[in-house]
Asks: 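I have a structure here, written as structure tokens, and I will follow up with some questions on it.
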2 protein chains.
Amino acid sequence: MVTIYDIAKQANVSAMTVSRVINNSGRISANTREKVKRIMQEMNYVPNSTARSLVKQETKMLSLLITDITNPFFTTLARGAEDAALKLGYKLLFGNSDENLSKEREYVDMVLSTRVDGLLFAPSSDASAEHLAMLRLHQIPFVLIDREVPGVEADMVLGDNRDGALRLTEHLISLGHKRIAFVNGSSTVSTARERSSGYREALLKHGIRYDPELVMECRFNHFDDSDLLDRILALSEPPTAIFAANNVLAVSVIACLRDKGIGVPEQMSVACFEDVGLASRLDPFLTVAVQPAYEFGYRGIQLLVDRINRKDGEERQVVRFPSEMIVRKSTGKPRQPSS
Amino acid sequence: MVTIYDIAKQANVSAMTVSRVINNSGRISANTREKVKRIMQEMNYVPNSTARSLVKQETKMLSLLITDITNPFFTTLARGAEDAALKLGYKLLFGNSDENLSKEREYVDMVLSTRVDGLLFAPSSDASAEHLAMLRLHQIPFVLIDREVPGVEADMVLGDNRDGALRLTEHLISLGHKRIAFVNGSSTVSTARERSSGYREALLKHGIRYDPELVMECRFNHFDDSDLLDRILALSEPPTAIFAANNVLAVSVIACLRDKGIGVPEQMSVACFEDVGLASRLDPFLTVAVQPAYEFGYRGIQLLVDRINRKDGEERQVVRFPSEMIVRKSTGKPRQPSS
DNA sequence: GTGAAAGCGCTAACAT
DNA sequence: ATGTTAGCGCTTTCAC
């Protein structure tokens, strides 16, 4: 491996001079600068960032932890984060927790030993508080993304989940729906709670009774309760519409309905949070509340780098993006308006 | 920061003994082992992998470079790669070249200075040869994934593109199509050439003339030639079916057709390589040749780690996965069989 | 079974 | 404008 000393020897200068050329620091005569640069080229020298990290106590690496790498919301977010990180001179290490606390724990351990300079973190649930405490203990700056954790004060980039859910539900109500089922993610996740709160507020506002029998709670990355859906459909007053708390759940619900021969939107309207990637281009079908995923990632990294460059105590920043409602074909009037 | 010396002092042993406990190497008395472990816990010690990397000359980090992070094929591949890397004791650094040579170059530079132990590499085009030469020069082991590069001998994980394209095209022919347009990726990418070759072979086999006027060449991540599509549709003998070389192109083509009021499959059949993520669950619509994306990533990392652990010269491994054809609704009989 | 010394490749701090 | 010294946190090597 070619080191800074090999270059120094060839150029008849000290290692320090080479270091200064590499980092454009200090005063160097144009002559030696050129000579050193030429020799670095000739010898295919590449600085060893491991060594640099060790002495500078910074790695110029950030880490992004998301909860579902197959979800277009998170991959688009990842793209924004990567663009921002690169622009700001950082590399980005990705991780995928699968909404799973112990995978998340492993990832946090890894990140701690890798000494990344900061972490953009989508917590898998409120239980992530324990991992965030770990990061605090080791003084790793972090920014929460998409989800917050009760009791944890931090910079955050969030969506306006309550408002989005409220508008989506009101949209269904305005079409004439009164029995609206709600397929939610786990209530241990802040976005699930906020979307639930928007849903309930919409009902309240329009004098519709909140019926717990119409509500299902699943994991955000996996809809596995086809039975419960059956039970809801078999109620004496079955729903005429379903509001799903995210894209993955909505797609699963629609697949289930199709298997049962229930047409969307003819027999059942379906709306959800977050768009569905290629699917919405292939066939603009699902009525959704779209969040600016790319900006989530981009702003998240910006906040993180901001935080890294500031004193610890300084006031925290919270960005909350509104969502945009896109009405498409999956929602329509109820077949026979419920009483 | 807590170092190995802090632990050593507390435990009244040398740093070396602590190191041995951490790495489970050498002979240590059960007593000291327990004591050291306890103190590491108490002091929240986390080994600094930067320092370890510097002396061991390995980072236990691998890197995955893909060409389109928003394409479900690549994100699923990434998931497989991550699972395999974690299982084998490596971290995974992701990068996204956007099918863009200069972004790829930046990424390769970064990877070189980060001293990753190996690289899983989806080349953006044949011109990537120059970057691979860079990696060879610096003795970074790499495995090519999804695409090969002429003149570059390396371990590879590939799909059977020719065969997949052949079968997809034959499927269209068997439905009665004789004028089949082909929307391909750039011919500077191996998969585009192989899919073209499968397409042509199918035509030949069934005595259908290859007509260059029916062929378009785009970038794999972006369909931008709506005009050319117009020209093809305006031919005296227009196509009754379109074969798109990947999912992104197919979705764009269908969106274009829809904008022009051309129904799929009623007025135009469309088939493509690679599935479309959530879209195919939402509405099983597109007829596709599906590649085992997760396995691409998983096997790719396995080959890479294999290579890292072997001498340089040893024979190379090439894995070629077949694709599975799934006939869905986007393909049907031509409206009026062309003459 | 344990420790001391040296060094991985680089840069901060202090010379000159 | 350039060089010297020391040290980042760890492991290798050799010694006991």
Side-chain angles (χ1 to χ4, degrees), chain A residues 1-37 39-40 43-61 89 110-117 138-140, chain B residues 1-37 39-40 43-61 89 110-117 138-140:
Chain A
M1 172 192 280
V2 181
T3 75
I4 213 170
Y5 282 97
D6 300 322
I7 306 297
K9 192 181 295 177
Q10 282 293 318
N12 278 314
V13 295
S14 74
M16 221 22 244
T17 301
V18 178
S19 172
R20 287 191 181 103
V21 171
I22 294 168
N23 297 289
N24 270 312
S25 58
R27 282 171 300 280
I28 303 276
S29 77
N31 244 332
T32 44
R33 158 167 285 116
E34 286 322 305
K35 184 168 58 176
V36 168
K37 280 197 164 168
I39 293 176
M40 291 197 300
M43 301 186 71
N44 291 302
Y45 171 75
V46 179
N48 183 327
S49 44
T50 304
R52 178 183 286 158
S53 294
L54 187 57
V55 25
K56 299 198 77 163
Q57 299 286 60
E58 64 171 20
T59 54
K60 285 288 173 185
M61 291 195 15
M110 188 213 84
V111 144
L112 249 27
S113 101
T114 306
R115 299 296 197 269
V116 299
D117 296 340
H138 291 274
Q139 317 211 52
I140 310 282
Chain B
M1 173 191 280
V2 181
T3 76
I4 212 172
Y5 283 97
D6 301 322
I7 307 296
K9 192 182 294 176
Q10 282 293 318
N12 278 313
V13 295
S14 74
M16 228 11 255
T17 301
V18 178
S19 173
R20 288 192 180 101
V21 171
I22 294 168
N23 296 290
N24 270 314
S25 60
R27 283 169 301 281
I28 304 276
S29 78
N31 244 331
T32 45
R33 159 168 283 115
E34 286 321 305
K35 184 168 57 175
V36 168
K37 281 198 164 169
I39 293 175
M40 290 198 301
M43 299 185 73
N44 292 301
Y45 171 74
V46 179
N48 183 327
S49 43
T50 303
R52 178 183 287 157
S53 295
L54 186 58
V55 25
K56 299 197 76 165
Q57 299 287 56
E58 65 171 22
T59 54
K60 284 288 174 187
M61 291 195 14
M110 188 212 85
V111 144
L112 248 28
S113 98
T114 307
R115 299 295 197 268
V116 299
D117 296 341
H138 290 275
Q139 318 210 53
I140 310 282

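So that the names make sense, note that chain A is the first sequence line, chain B the second, and so on, each numbered from 1.
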Asks: Rounded off to whole Å, could you give me the CZ-to-P distance for the A:R33 and D:dA1 pair?
Replies: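 One finds 10 Å between P of D:dA1 and CZ of A:R33, rounded.
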
Asks: So, is B:S14 near the phosphate of C:dT2, with a side-chain N or O under 4.0 Å from OP1 or OP2?
Replies: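 So the side chain of B:S14 is outside the cut-off, no N or O lying under 4.0 Å from OP1 or OP2 of C:dT2.
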
Asks: Need the bend value for the helix from C:dG1-D:dC16 to C:dT16-D:dA1: angle between end axes, 5 pairs each end, nearest 10°.
Replies: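 The helix from C:dG1-D:dC16 to C:dT16-D:dA1 shows an end-to-end axis angle of 40°.
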
Asks: Using a 4.0 Å heavy-atom cut-off, write out nucleotides 8-16 of chain C from 5' to 3' as B (base contacted by protein), S (sugar-phosphate only) or - (no contact).
Replies: BBBSBB---

Asks: Once side-chain contact (heavy atoms from CB on, under 4.5 Å) is applied, do any residues pair with A:K56, and if so which ones, sequence neighbours excluded?
Replies: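 So A:K56 forms a side-chain contact (heavy atoms from CB on, under 4.5 Å) with A:R52, A:E58.
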
Asks: Between D:dC10 atom C1' and B:K60 atom NZ, what is the distance in whole Å?
Replies: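 The distance from NZ of B:K60 to C1' of D:dC10 comes to 16 Å, rounded to the nearest Å.
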
Asks: Tell me the interatomic distance from B:E58, atom CD, to D:dT11, atom P, rounded to whole angstroms.
Replies: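 Rounding to the nearest Å, CD of B:E58 and P of D:dT11 are 11 Å apart.
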
Asks: To the nearest 0.5 angstrom, please state how far the OH atom of A:Y45 sits from the CD1 atom of A:I39.
Replies: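 Going from OH on A:Y45 over to CD1 on A:I39, the span is 13.5 Å.
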
Asks: Please check if the side chain of B:S49 supplies one atom and the backbone of A:S113 the other of a donor-acceptor pair under 3.5 Å.
Replies: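 Yes.
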
Asks: Rounded to whole angstrom units, what separation is found between the CG atom of B:N24 and the P atom of C:dT2?
Replies: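 Taking CG of B:N24 and P of C:dT2, I get 14 Å after rounding.
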
Asks: Keeping the roles fixed (side chain from A:T50, backbone from B:L54), state whether a donor-acceptor pair exists under 3.5 Å.
Replies: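 Not a single qualifying donor-acceptor pair exists.
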
Asks: Roughly how far, to the nearest 0.5 Å, is NZ of B:K37 from CD1 of B:I7?
Replies: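 B:I7 CD1 to B:K37 NZ: 13.5 Å, rounded to 0.5 Å.
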
Asks: As a test of understanding, state which of B:N12, B:V18, B:I22 forms a side-chain contact (heavy atoms from CB on, under 4.5 Å) with B:V36.
Replies: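 That would be B:V18.
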
Asks: When the distance from CZ of B:R27 to C1' of C:dG3 is rounded to whole Å, what number comes out?
Replies: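 Those two atoms, CZ and C1', are 14 Å apart.
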
Asks: Would you confirm whether B:T3, through its side chain, and B:Y5, through its main-chain N or O, come within 3.5 Å as a donor-acceptor pair?
Replies: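 Indeed, once roles are kept as given, a pair shorter than 3.5 Å links the two residues.
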
Asks: So, A:S19 side chain and A:A15 main chain: donor-acceptor pair closer than 3.5 Å or not?
Replies: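 Such a contact is absent between A:S19 side chain and A:A15 backbone.
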
Asks: Using a heavy-atom cut-off of 4.0 Å across all strands, would you classify B:T32 as base, sugar-phosphate, or nothing?
Replies: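 B:T32: backbone/sugar contact only, no base atoms under 4.0 Å.
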
